[in-house]
Amino acid sequence: GAVQPLLAVEDLRAWYGHSHILQGLSLEVRPGEIVTLVGRNGAGKTTTLKAIMGLVAKREGRVTFAGADILHRPPHERFHRGLAYVPEERRIVPGLTVEENLRLGILAAKGAAKGAGRGARVTRRDEARRIEVIAETFPRLKQRLKQEAITMSGGEQQMLAIARALMAEPVMVLLDEPSEGIMPILVEEMFAQFVAMKRAGTTILLVEQNVELALDVSDRVYIVDGGAVVYHAPAAALRDDPEIQARYCAV
Ligand code: ATP
């Protein structure tokens, strides 16, 4: 039978002032999938993630996460339900070490547990265990736990932003252009980590310009153009379709 989607977006419309950006966009992500949104600059990919997270003031349509309609709920409620978001700008906290930045992810989780919570209080032992797990997953961060986060390279900071989101043990993560401005060797490492995250049970919705790499790790792909989905397919199908790639994915 059909698997229930974890995230279902139906006929999503969004506006910035009078500019109508999302024009009825629909997609779904099933539990355990990596799904990628690709498309030209200005197609509406970032706006899609922001609207899902409730960060675009004017939005209409339906967004269901784990069975609950969340589109018009306040942004923090998504976090309580296990939906995390790593925006393109990394928001590393200057003056704090890598480890302290990671602990901020836990603080957020503690705050969430107090609210509509996924229940469990995060104990100190839990906190130490999560840092250990993250350090094993991100060896580059493990070597730098005591380093001031802002002194790391852009790619390392991006990994920290992703790792910090994982500290709250989210069910699903939305990642906006994680490879932006990062040197290729680190990008490959990062994408390998996405596969590891998937294996550990985290569902991922990715926005990515690096189509080739994205296709390698993704289960399915949506092409966004003019604020709507113009094509969707298993990643392998798009990989074998240079014509579609050339038409919609050129930067
Ligand atoms: P990119 O890869 O360039 O980020 P994208 O597909 O993510 O492309 P969006 O950032 O979603 O595209 O932008 C979609 C459209 O919305 C663009 O035309 C952009 O200029 C416009 N837009 C984005 N943010 C705002 C804003 N805060 N106010 C007004 N218009 C905006």
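These numbers were taken from a predicted model, which means no experiment stands behind them. Whatever order the structure lists them in is the order used to number ligands and atoms, beginning at 1.
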Point to revise | Residue among Val217, Leu213, Val211 satisfying side-chain contact (heavy atoms from CB on, under 4.5 Å) with Leu215 | key: Val211

Review point. Should one rank Asp176, Thr47, Thr46, Val224 by closest heavy-atom distance to atom 4 (O) of ligand 1, which comes out on top?
Key: Thr46

Practice item. Write out the residue and atom name of the closest protein heavy atom to atom 30 (N) of ligand 1, then the distance separating them to 0.1 Å. Key: Tyr16 CD1, 3.5 Å

**Study point:** Lys142 and Ile134, any side-chain heavy atoms less than 4.5 Å apart
**Key:** no

Check your understanding: If you measure from CD1 on Ile223 to NZ on Lys45, what distance do you get to the nearest 0.5 Å?
Key -> 11.0 Å

**Study point:** Cationic N near anionic O, under 4.0 Å, Arg62 to Asp11
**Key:** no

**Study point:** Student check: side-chain heavy atoms of Leu160 and Leu102 closer than 4.5 Å
**Key:** yes

**Study point:** Nearest non-hydrogen protein atom, atom 8 (O) of ligand 1
**Key:** Gly42 N, 2.7 Å

Practice item. Show your working on salt bridge (Lys or Arg N to Asp or Glu O under 4.0 Å) between Arg30 and Asp219 and close with a plain yes or no. Key: CA-CA 10 Å; Arg30 296 164 203 145; Asp219 296 292; over 6 Å; no

Practice item. For atom 16 (O) of ligand 1, grab the closest protein heavy atom and report residue, atom and distance to one decimal in Å. Key: Ile21 CD1, 3.2 Å

Review point. Of all the atoms in ligand 1, which lie at a distance below 4.0 Å from a heavy atom belonging to Ala43?
Key: 5 (P), 6 (O), 12 (O)

Check your understanding: In this structure, are over 12 heavy atoms from other groups packed under 6.0 Å from Arg129 atom CZ?
Key -> yes

Exercise for review: Would you check whether Gly44 has a nitrogen or oxygen atom less than 3.5 angstrom from a nitrogen or oxygen atom of ligand 1?
Suggested key: yes

**Study point:** Top protein contact for atom 3 (O) of ligand 1, by heavy-atom distance
**Key:** Asn41 OD1, 3.1 Å

Exercise for review: Measure the distances from the heavy atoms of Glu177 to every atom of ligand 1 and state whether one is below 4.0 angstrom.
Suggested key: yes

Check your understanding: Is the shortest N/O to N/O distance between Glu88 and ligand 1 below 3.5 Å?
Key -> no

Review point. Does any non-hydrogen side-chain atom of Leu7 lie less than 4.5 Å from one of Val35?
Key: no

Check your understanding: Which of the atoms of ligand 1 are close to Arg40, meaning less than 4.0 Å from one of its heavy atoms?
Key -> 6 (O)

Practice item. Would you verify that at least one protein heavy atom lies under 4.0 Å from atom 25 (C) of ligand 1, or report that none does? Key: yes

Review point. Numbering the atoms of ligand 1 from 1, which are under 4.0 Å from a heavy atom of Gln209?
Key: 2 (O)

**Study point:** Any Met152 side-chain heavy atom under 4.5 Å of Ile92 side chain
**Key:** no

Exercise for review: Say whether Thr48, considering both its backbone and side-chain N or O atoms, lies within less than 3.5 Å of an N or O atom on ligand 1.
Suggested key: no

